[in-house]
Asks: 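Before anything else, here's the structure in question.
The figures here come from the full heavy-atom set of this structure, side chains too, leaving out hydrogens, waters and symmetry mates. This is a predicted model, so every value here is computed, not measured.
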Amino acid sequence: YQRRVHGQAVNNINPDIPILAPGAAATGVYKCQSSIPSCGKNTGRRFPNLFGTLGNASRYFSNILNFARLVDVKSVALVSDQSEAGIFPKEACDGAYNIAKRLGLNVIYNQQLDINTIDQLLKLNPDFVLTCTYQDGCQTFMKKARAANWIPKGLASTVCLSHPSTLQALGKDSREIMGPSQWHPNHNIYFYNEDENNPATMFSKNKDIPAPEQFRQLYLKYTGGSEPTYHVASALASLYSLHSALINAQSLDGRNIIEALKKVKMGSFWGFIEFDQNGQMAANYLGDFTVEQVDWKNWKGNVNVLAPIYIATNDFQYPMHPFPERECLDNNKCNGNNGKCRQDGTCICYSPNYGDACDKSSPLRTILEGKHCMGLYVTTLVFLCLVIIIAIIVIALDKNRRQWAARAASALNATKDKFELSKRPNTGLTFKLDEEDH
């Protein structure tokens with residue numbers, strides 16, 4: 001639908017039939033803009049019968065850019081993929097540009113994705129790159145970056161993380177990529193549960209498990225273990241809203257259902273559902289989207305939550321590991337605990353005796369670590385020799401000490417014989433020593 005509304009199909013839409021758009025986040029789908037020919041001079045709602053459960057595309061990178069500012073990011077690059085029909089990528093990047101400027105970040109690049117994008121970014125070397133793309137554009141950007149053996153310190157994309165097939169296609173290269181999400185099953189605050197204004201009681205029976213997690217468990221059951229993305233949850237939220245509208249309208253007449261959809265205000269597994277004056281999902285109470293990041297170690301299907309804080313599962317990982325460092329780590333080039341990988345892929349070894357790959361050591365260390373077949377016997381022999389040497393030194397020192405003690409005693413006795421004692425009135429004893437003794 002998002003792509004067809006720009007063509008002749010718009011003229012064939014019956015305004016008395018409610019239409020749900022669970023996958024449309026661009027405001028231009030719901031509100032007329034000067035760039036849309038079919039709108040003419042209209043600047044209000046495009047379709048009175050259209051309702052969507054995704055929030056505004058211009059807010060996708062809000063929380064991510066706040067994270068960027070916290071880690072002292074200075075420069076930001078924006079890359080949009082407008083090769084496909086649709087206005088979502090442009091709206092997402094336009095919104096990111098405005099947010100970045102408001103946060104005091106320097107936007108040094110704001111262009112469409114093409115064959116020269118990576119070369120231009122290599123020259124500019126931005127701290128953080130935001131790609132406003134669909135899943136194909138995300139893959140294209142990452143493959144071009146991989147071919148150039150370059151990756152920015154921070155990278156976030158609008159759609160990558162919400163499509164498991166995209167992460168599978170990128171493999172290990174998907175590690176540490178960030179992305180926004182409009183929903184997560186970990187949400188558990190009050191307006192993520194059905195309230196008294198919600199006539200559709202789908203998850204109200206079990207009070208011990210939050211509604212988002214109940215939906216996740218049901219989805220896992222019926223799909224054989226696939227985790228639900230926010231696009232999946234949005235699809236159910238649209239039908240969920242329609243269900244509530246049907247109950248409130250008590251009618252199958254399209255116009256009555258449309259009026260009931262306009263009045264929907266309720267807590268649900270999706271969050272608080274309410275449509276704005278254009279039919280799009282109103283800003284939820286959290287204000288900004290969930291932030292996710294692909295895990296570094298357990299990257300296969302493991303996406304960490306960074307925000308909001310109350311459902312976070314990990315810390316923000318920044319900067320990303322450059323490709324040379326990734327290859328060094330993946331291939332254990334620095335031999336585990338013997339050293340660590342630099343960003344350029346070379347090793348920092350913990351001992352000066354190690355070689356470039358932290359695997360070579362001095363002959364003495366090799367012997368002491370028993371790396372040869374006779375290592376254990378040689379180590380034992382060296383130890384015994386050290387014990388014998390120490391014992392000889394101790395005996396010699398003890399003998400020397402005894403000789404010095406005998407000399408001191410003899411000298412003392414000889415001195416005493418030379419003392420001449422005389423009694424003088426009122427003076428006590430006087431000791432007279434000859435010059436030699438003195």
Asks: Would you give the length of the straight line joining atom OG of Ser244 to atom NZ of Lys263, rounded to the nearest 0.5 angstrom?
Replies: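 Going from OG on Ser244 over to NZ on Lys263, the span is 14.5 Å.
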Asks: I'd like to know if the side chain of Asn335 and the backbone of Asn338 have a donor-acceptor N/O pair within less than 3.5 Å.
Replies: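 No, because the side chain of Asn335 does not come within donor-acceptor range (under 3.5 Å) of the backbone of Asn338.
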Asks: Measure the spacing between SG of Cys93 and CD of Gln111 and express it to the nearest 0.5 Å.
Replies: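 Here the rounded value is 10.5 Å.
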Asks: Aromatic rings Trp296 and His321: how do their planes relate, parallel, tilted or perpendicular, breaks at 30° and 60°?
Replies: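 Trp296 and His321: parallel rings.
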Asks: Anything under 30° is parallel, anything over 60° is perpendicular, the rest tilted; go ahead and classify Phe215 against Tyr219.
Replies: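 The rings of Phe215 and Tyr219 sit tilted, inter-plane angle from 30° to 60°.
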Asks: Parallel, tilted or perpendicular: which fits the ring planes of Phe128 and Phe316, with parallel below 30° and perpendicular above 60°?
Replies: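 If you compare the ring of Phe128 with that of Phe316, the planes turn out tilted.
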Asks: Whether the side chain of Lys144 engages the backbone of Ile115 through a donor-acceptor N/O pair (distance < 3.5 Å, no angle test) should be reported.
Replies: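 No; judged by distance alone, with no hydrogens or angles, the pair does not exist.
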Asks: Which residues pass the side-chain contact (heavy atoms from CB on, under 4.5 Å) test with Ala77, sequence neighbours left out?
Replies: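 Once residues adjacent in sequence are excluded, the partners of Ala77 under the side-chain contact (heavy atoms from CB on, under 4.5 Å) criterion are Tyr109, Leu121, Pro126, Val129.
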Asks: Which residue pairs satisfy the salt bridge (Lys or Arg N to Asp or Glu O under 4.0 Å) criterion with at least one member in residues 93-112, sequence neighbours excluded?
Replies: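 Residue pairs passing salt bridge (Lys or Arg N to Asp or Glu O under 4.0 Å), neighbours aside: Lys90-Asp94.
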Asks: Are the side chain of Asn256 and the backbone of Leu252 linked by a donor-acceptor contact shorter than 3.5 Å?
Replies: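 Side chain of Asn256 to backbone of Leu252, a donor-acceptor pair under 3.5 Å: no, none is there.
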Asks: Between Arg175 and Asp173, is the closest basic N to carboxylate O distance under 4.0 Å?
Replies: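 A salt bridge is absent here (no side-chain N lies under 4.0 Å from a carboxylate O).
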Asks: With distance as the sole test, does Ser75 use its side chain to make a donor-acceptor pair with the main-chain N or O of Asp127 at under 3.5 Å?
Replies: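 At least one qualifying donor-acceptor pair exists.
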Asks: Using a strict 4.0 Å threshold on nitrogen-to-oxygen distance, state whether Arg342 and Asp344 make a salt bridge.
Replies: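 No, Arg342 and Asp344 are not salt-bridged.
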Asks: Quick check on the 6.0 Å ring-centre criterion: do Tyr192 and Phe272 meet it?
Replies: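 No; Phe272 has its ring centre 6.0 Å or more from that of Tyr192.
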Asks: Which heavy-atom pair separates Leu170 from Cys138 by the least distance, and what is that distance?
Replies: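 Leu170 and Cys138 have their closest heavy atoms at CD1-SG, 4.4 Å.
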Asks: Using only the SG atoms, establish whether Cys334 and Cys347 come within less than 2.5 Å of one another.
Replies: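 Looking at Cys347 and Cys334, their sulfur gamma atoms lie closer than 2.5 Å, so the answer is yes.
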Asks: Between Lys153 and Glu325, is there a salt bridge with N-O shorter than 4.0 Å?
Replies: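 Salt bridge flag = no for Lys153 with Glu325.
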Asks: How about Cys358 and Cys349 - are their SG atoms less than 2.5 Å from one another?
Replies: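 Looking at Cys358 and Cys349, their sulfur gamma atoms lie closer than 2.5 Å, so the answer is yes.
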Asks: Between Arg46 (side chain) and Gly28 (backbone), is there a donor-acceptor pair under 3.5 Å?
Replies: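 Here the side-chain-to-backbone pair exists.
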Asks: Answer yes or no: is there an ion pair linking Arg326 with Glu176, defined by an N-O contact shorter than 4.0 Å?
Replies: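 Answer for the salt bridge query: yes.
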Asks: For the pair Asn56 and Thr27, evaluate side chain to side chain donor-acceptor pair (under 3.5 Å) and give the outcome as yes or no after the intermediate values.
Replies: CA-CA 6 Å; Asn56 195 318; Thr27 301; 2.8 Å; yes
Asks: I'd like to know if the side chain of Gln182 reaches the main chain of Gly55, judged simply by a donor and an acceptor atom lying under 3.5 Å from each other, with no hydrogens or angles considered.
Replies: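 Side chain of Gln182 to backbone of Gly55: a pair is present.
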Asks: Rounded to the nearest 0.5 Å, how far does CH2 of Trp270 lie from CE of Met281?
Replies: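 So the gap between those two atoms works out to 7.0 Å.
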